[in-house]
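This report refers to the structure that appears directly beneath it.
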Amino acid sequence: MHRLITSAIEELKDRFASIDDVALENQRKVLDAFIKNRIALRHFAPTTGYGYDDVGRDTLNRLFADVFGTEDAIASPLIASGTHALTVALFGLLRPNMTLLCATGKPYDTLNDVIFGDGIGSLKDFGVKCVIIPLSDGVPDMKAIARECNKLKPDVVMIQRSRGYDMRPALSVTQIGDIASVARSNCSARILLDNCYGEFVEKTEPTAVDVLVGSLIKNPGGGIAPTGGYICGTKSAIADIEGRLTAPSIGREVGSYSGDYRPFYQGLFIAPHITAQSLKTAALFSYVFSSLGYDTLPKPEENYDDIICSIKFGDADKLIDFCRAVQSASPVDSFAAPEPWDMPGYNDKIIMAAGAFVQGASIELSCDAPIRPPYIAYLQGGLTFEHGILALEKCLAALKIY
């Protein structure tokens, strides 16, 4: 093993112990929810047609609500991605001529056309006004949030927990609660949280919001769920949203899945452990690259509020070499060489290393980046910490760090 990695693992022992402690508490919470809902083999059976009385679907919804501490939930393989889940939630909560306030800066790139697109059925096309409050030195501007909530009286306040393609810290559960509190003190808006990459990172989930949304091929799918997304929240919010998942007249009464529900249940059960593996991998990469003089986020001594490690390379070639090294360490498509390309929904060319068992699964070790200065790689995931170690060895070799 590379001497830098050996030294880093020794120095990170206390951090790893803390990560394991969080995983234990989250595993307890998940197990309690499985026991409470009396999960049985019958819940894994597929359904067809309309899916009336689909016990697997309906119980999975209740399970997610209990795990995330909310009144109700939609956890569905019919949701194609995190962007889809957020779109369903936004269109469910907002009506023509309402106002959306983005409290944590510009949303993730794939939501740009959802909110601002012209002539494609976007929120803008339906008369929804969107106001963005920029971050202040990388953190939410609480004074501006209070001022704009008081002035605009928005109908929905949106918070993005993870960083997207910004070099800023992810938000903690406490910070999310503070934003929700400030917003509610100044308006009656519903609070919507993009919770992607943040599930099971802390001992509690951000239940101070009305709705939290994420993807099942990230943390809560445990690397096993083959597709899907979740929307957890208050009963009234979910009632408004469910009609946009299917149709306003039928909501969650229909929606079959002819596949096996088992991966969604099993993925959720294993998710706290897999998230811990991802956090250890991110901490290791951060420590090693920080010791080599690269700007990383979070810093090795800082807490992680999502599973992502950002590494600023300042050079396009180094960034591409790093992503290709991650791909070369993948169990699937290790022979492929990622190239920057125009991915749907993004404004810049994107390079993506994702040799995953589930296509695009960000809970599996992967890396992506926009090809734009200052050339930052966003590394996430890792089903096993051991895989993270082996990938880091390949990355160091690719950058000629021996």
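Since this is a predicted model, take the numbers as computed values, not measurements. All values below were derived from every heavy atom in this structure, side-chain atoms included, with hydrogens, water molecules and symmetry-related copies excluded.
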Taking the side chain as everything from C-beta on, heavy atoms only, tell me whether [X] gets closer than 4.5 Å to [Y].
X	Y	result
L284	L12	yes
R57	L60	no
L245	I79	yes
D141	L135	no
C130	I132	yes

Would you indicate whether [X], at its atom [atom1], is surrounded by more than 12 heavy atoms from other residues, nucleotides or ligands within a distance under 6.0 Å?
X	atom1	result
I120	CD1	yes
Q359	CD	no
E253	CD	no
K36	NZ	no
K143	NZ	no

List the atom of [X], the atom of [Y], and the distance in Å for their closest heavy-atom pair.
X	Y	result
V131	E148	CG1-OE1, 4.4 Å
G198	R161	O-NH1, 3.2 Å
H387	P331	CE1-CD, 3.9 Å
V157	A189	CG2-CB, 3.8 Å

Q | Results of side-chain contact (heavy atoms from CB on, under 4.5 Å) for P300 - residues two or more places apart only | A | S286, Y287, S290, T296
Q) What pairs with E339 under side-chain contact (heavy atoms from CB on, under 4.5 Å), at least two apart in sequence or on another chain? A) R324
Q | F34: ring pair (Phe, Tyr, Trp, His ring centres under 6.0 Å) partners, not counting sequence neighbours | A | F269
(Q) F357: which residues meet the ring pair (Phe, Tyr, Trp, His ring centres under 6.0 Å) condition with it, sequence neighbours left out? (A) none
Going by salt bridge (charged side-chain N to carboxylate O under 4.0 Å, His left out), name the residues that satisfy it together with [X], two or more places apart in sequence or in a different chain.
X	answer
K203	D21
D72	R252
R95	none

Q | Pair N37-T59, side-chain donor/acceptor within less than 3.5 Å | A | no
Strictly by side chain to side chain donor-acceptor pair (under 3.5 Å), give each pair with a member in [range] just once, sequence neighbours left out.
range	answer
residues 210-219	R184-D210
residues 126-137	none
residues 361-373	Y165-D368, Y197-S362, D348-R372, S366-Q380, D368-Q380

Q. For residues 231-257, which residue pairs qualify under ring pair (Phe, Tyr, Trp, His ring centres under 6.0 Å), counting only residues two or more places apart or in two chains?
A. Y257-Y261, Y257-F264
Q. Taking only residues at least two apart or on different chains, which pairs with a member in residues 210-239 satisfy ring pair (Phe, Tyr, Trp, His ring centres under 6.0 Å)?
A. F64-Y230, F68-Y230
